[in-house]
Novice: 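Here it is: the structure, laid out below.
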Amino acid sequence: MPELPEVETTRRGIESSLIQHRIVRVLVRMPKLRWPIPAELSQLVTGKTVQRVTRRAKYILLQVDGGSVLIHLGMSGSLRLLQSDLTPGKHDHVDFHLDSGRLLRFNDPRRFGSILWLENDPLDHPLLVNLGPEPLSDGFDGDYLYGRSRGRKVAIKTLLMNNQLVAGIGNIYASEALFMAGIRPDRRAGRVSRARYRTLAACIKEVLNRAIAMGGTTLRDFINADGQPGYFKQTLMVYGRGNQPCSKCRTLLKQIRLGQRSSVFCSRCQR
DNA sequence: ACGAAGCCCTGCAAGC
DNA sequence: TGCTTGCAGGGCTTCG
């Protein structure tokens with residue numbers, strides 16, 4: 001399931017093949033995603049040249065003259081670069097044909113993803129305007145987390161997955177960062193010290209950077225623009241390892257539910 | 001303002 | 001073997 005590292009891996013994979021290339025045709029086979037794909041998307045985008053390919057949280061933005069195509073991969077989405085005559089398969093919902101003879105193909109079995117058209121400055125759009133800082137930016141650190149968590153009773157893991165607080169951290173990387181920092185995921189956010197938040201912020205940056213360097217985490221679905229999986233799964237310490245021995249102390253990892261999300265942790269290493 | 005729950009969707013695994 | 005059931009989950013939306 002694409003989180004920040006997987007989305008960034010995808011962005012990097014498609015960037016050079018899109019920039020300064022013209023979109024010559026847009027084919028929507030299935031408009032019913034998280035929200036309907038706007039009927040006028042094809043008309044708005046056809047003939048436009050891609051200027052920039054950027055990312056905000058888990059959103060990819062294809063910036064063209066007069067607006068941007070916003071793409072969210074949801075839980076099972078992927079973008080691939082293919083030769084434009086390649087026959088579409090199941091769940092290949094949208095094709096962006098390029099003047100290079102290639103196409104950008106959006107596939108999403110669960111259809112939790114979305115493709116929207118944003119006019120003007122995309123960062124003003126309601127979906128983006130309230131997002132918290134990028135976790136890999138300088139504006140994100142332990143002092144920020146400490147300040148924003150005062151008085152909050154939610155589990156710290158739930159807080160980390162709140163995109164209004166910090167953007168792009170999902171279940172995998174919240175779980176891994178908390179293990180690395182030695183903090184129990186069910187601890188109340190408001191009762192974690194400033195020092196521990198500083199450790200945690202550093203761990204978040206480290207785990208995200210390492211995952212990006214390895215091309216992201218492939219559990220089942222994720223593939224990059226070239227159709228290849230990411231290799232971070234092999235280094236996961238707790239996510240998906242419920243009831244297996246902790247890699248540090250061999251205690252069996254516990255699996256609980258927090259805010260409807262499965263959460264795995266070591267009750268000995270994480271306090 | 002906060003927090004918990006509901007909803008959208010398909011694929012896969014487990015149970016009978 | 002073939003059904004049914006449960007779970008996975010991002011994040012917006014609704015409700016308390």
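Lettering of chains follows the sequences in order, A, B, ..., and the numbering in each one begins at 1. All heavy atoms count here, side chains included; hydrogens, waters and symmetry mates do not. Keep in mind that this is a model prediction, so the values were computed, not measured.
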Novice: I'd like to check the ring pair (Phe, Tyr, Trp, His ring centres under 6.0 Å) partners of Y59(A); sequence neighbours left out, ordered by chain and number.
Specialist: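 Scan of Y59(A) (ring pair (Phe, Tyr, Trp, His ring centres under 6.0 Å), adjacent residues dropped) gives H72(A).
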
Novice: Whole angstrom is fine here: how far is it from CG in L33(A) over to C1' in dC12(C)?
Specialist: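 Rounded to the whole Å, the gap is 15 Å.
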
Novice: Establish, with yes or no, whether the OP1 or OP2 oxygen of dC12(C) is under 4.0 angstrom from a side-chain nitrogen or oxygen of Y59(A).
Specialist: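 The answer is yes; a side-chain N or O of Y59(A) sits under 4.0 Å from OP1 or OP2.
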
Novice: Once you build an axis from the first five pairs and another from the last five of the helix from dC2(B)-dG16(C) to dC16(B)-dG2(C), how far apart in angle are they, to 10 degrees?
Specialist: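 Axis-to-axis angle, ends of the helix: 50°.
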
Novice: Determine the contact category for T158(A): base if any of its heavy atoms lies under 4.0 Å from a base atom, sugar-phosphate if only primed atoms, P, OP1 or OP2 are that close, otherwise nothing.
Specialist: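 Touches nothing.
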
Novice: Among residues two or more places apart or on two chains, list those pairs meeting side-chain hydrogen bond (donor to acceptor under 3.5 Å, both in side chains) that have a residue in residues 133-142 of chain A.
Specialist: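 Residue pairs with at least one partner in residues 133-142 of chain A: R55(A)-E134(A), R56(A)-E134(A).
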
Novice: Which heavy atom of P185(A) sits nearest a heavy atom of Q270(A), and at what distance?
Specialist: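 So the two residues come closest at CD-NE2, 3.8 Å.
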
Novice: Would you say dA8(C) has OP1 or OP2 under 4.0 Å from some side-chain N or O of Y239(A)?
Specialist: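 Y239(A) to dA8(C) OP1/OP2: no side-chain N or O under 4.0 Å.
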
Novice: Between D99(A) (side chain) and H21(A) (backbone), is there a donor-acceptor pair under 3.5 Å?
Specialist: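 Side chain of D99(A) to backbone of H21(A): no pair is present.
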
Novice: Does R241(A) make a cation-pi contact with Y239(A), if we ask for NZ or CZ under 6.0 Å from the ring centre and within 45° of the axis?
Specialist: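 Not flagged: R241(A) not positioned over aromatic ring of Y239(A).
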
Novice: Look at all strands and tell whether N163(A) reaches a base, only sugar-phosphate, or nothing, counting heavy atoms closer than 4.0 Å.
Specialist: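 N163(A): backbone/sugar contact only, no base atoms under 4.0 Å.
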
Novice: Can you measure M161(A) atom CE to dA8(C) atom P for me and round it to whole angstrom units?
Specialist: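 Computing the M161(A):CE to dA8(C):P distance gives 12 Å.
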
Novice: For atom CZ of R268(A), is the number of surrounding heavy atoms from other residues, nucleotides or ligands below 6.0 Å larger than 12?
Specialist: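 No, the 6.0 Å shell around CZ holds no more than 12 heavy atoms from other groups.
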
Novice: Could you write nucleotides 5-10 of chain B as a row of B, S and -, 5' to 3', where a protein heavy atom under 4.0 Å of any base atom gives B, of only sugar-phosphate atoms gives S, and otherwise -?
Specialist: S--BBB

Novice: Quick check on Q244(A): does its CD atom have over 12 non-hydrogen neighbours (other residues, nucleotides or ligands) under 6.0 Å away?
Specialist: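 Yes.
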
Novice: From the list dC12(C), dG3(B), dG9(C), which nucleotide is the closest neighbour of the side chain of W35(A)?
Specialist: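 My answer, after comparing the listed nucleotides, is dC12(C).
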
Novice: Nearest-Å distance, CZ (R188(A)) to P (dA4(B))?
Specialist: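 It is 9 Å, rounded to the nearest whole Å.
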
Novice: Tell me the side-chain hydrogen bond (donor to acceptor under 3.5 Å, both in side chains) pairs involving residues 179-192 of chain A, sequence neighbours left out?
Specialist: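 The answer is R184(A)-D186(A).
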
Novice: How long is the line joining CG of L160(A) and C1' of dG10(C), in whole Å?
Specialist: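 The answer, rounded to whole Å, is 15 Å.
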
Novice: Rounded to the Å, how far apart are H72(A) NE2 and dG11(C) C1'?
Specialist: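 Taking NE2 of H72(A) and C1' of dG11(C), I get 7 Å after rounding.
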
Novice: Side chains of residues 247-259 of chain A: which donor-acceptor pairs under 3.5 Å do they make with residues two or more places apart or in other chains?
Specialist:
{"unit_1": "Q255(A)", "atom_1": "NE2", "unit_2": "S262(A)", "atom_2": "OG", "d": "2.8"}
{"unit_1": "R257(A)", "atom_1": "NH2", "unit_2": "Q260(A)", "atom_2": "O", "d": "2.7"}

Novice: Please report the distance, rounded to the nearest Å, between CG in L128(A) and C1' in dC12(C).
Specialist: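 Interatomic distance, CG of L128(A) to C1' of dC12(C): 13 Å.
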
Novice: Provide, to the nearest angstrom, the distance between the CD1 atom belonging to I60(A) and the P atom belonging to dG10(C).
Specialist: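 That distance rounds to 16 Å.
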
Novice: Determine the contact category for L127(A): base if any of its heavy atoms lies under 4.0 Å from a base atom, sugar-phosphate if only primed atoms, P, OP1 or OP2 are that close, otherwise nothing.
Specialist: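 Sugar-phosphate only.
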
Novice: Does the side chain of K58(A) get closer than 4.0 angstrom to OP1 or OP2 of dG11(C) through an N or O atom?
Specialist: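 For dG11(C), OP1/OP2 do have a side-chain N/O of K58(A) under 4.0 Å.
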
Novice: Provide, to the nearest angstrom, the distance between the CG atom belonging to L165(A) and the C1' atom belonging to dG11(C).
Specialist: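 Those two atoms, CG and C1', are 15 Å apart.
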
Novice: Do the rings of Y146(A) and Y197(A) sit parallel, tilted or perpendicular, given the 30° and 60° boundaries?
Specialist: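 Answer is perpendicular, since the angle exceeds 60°.
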
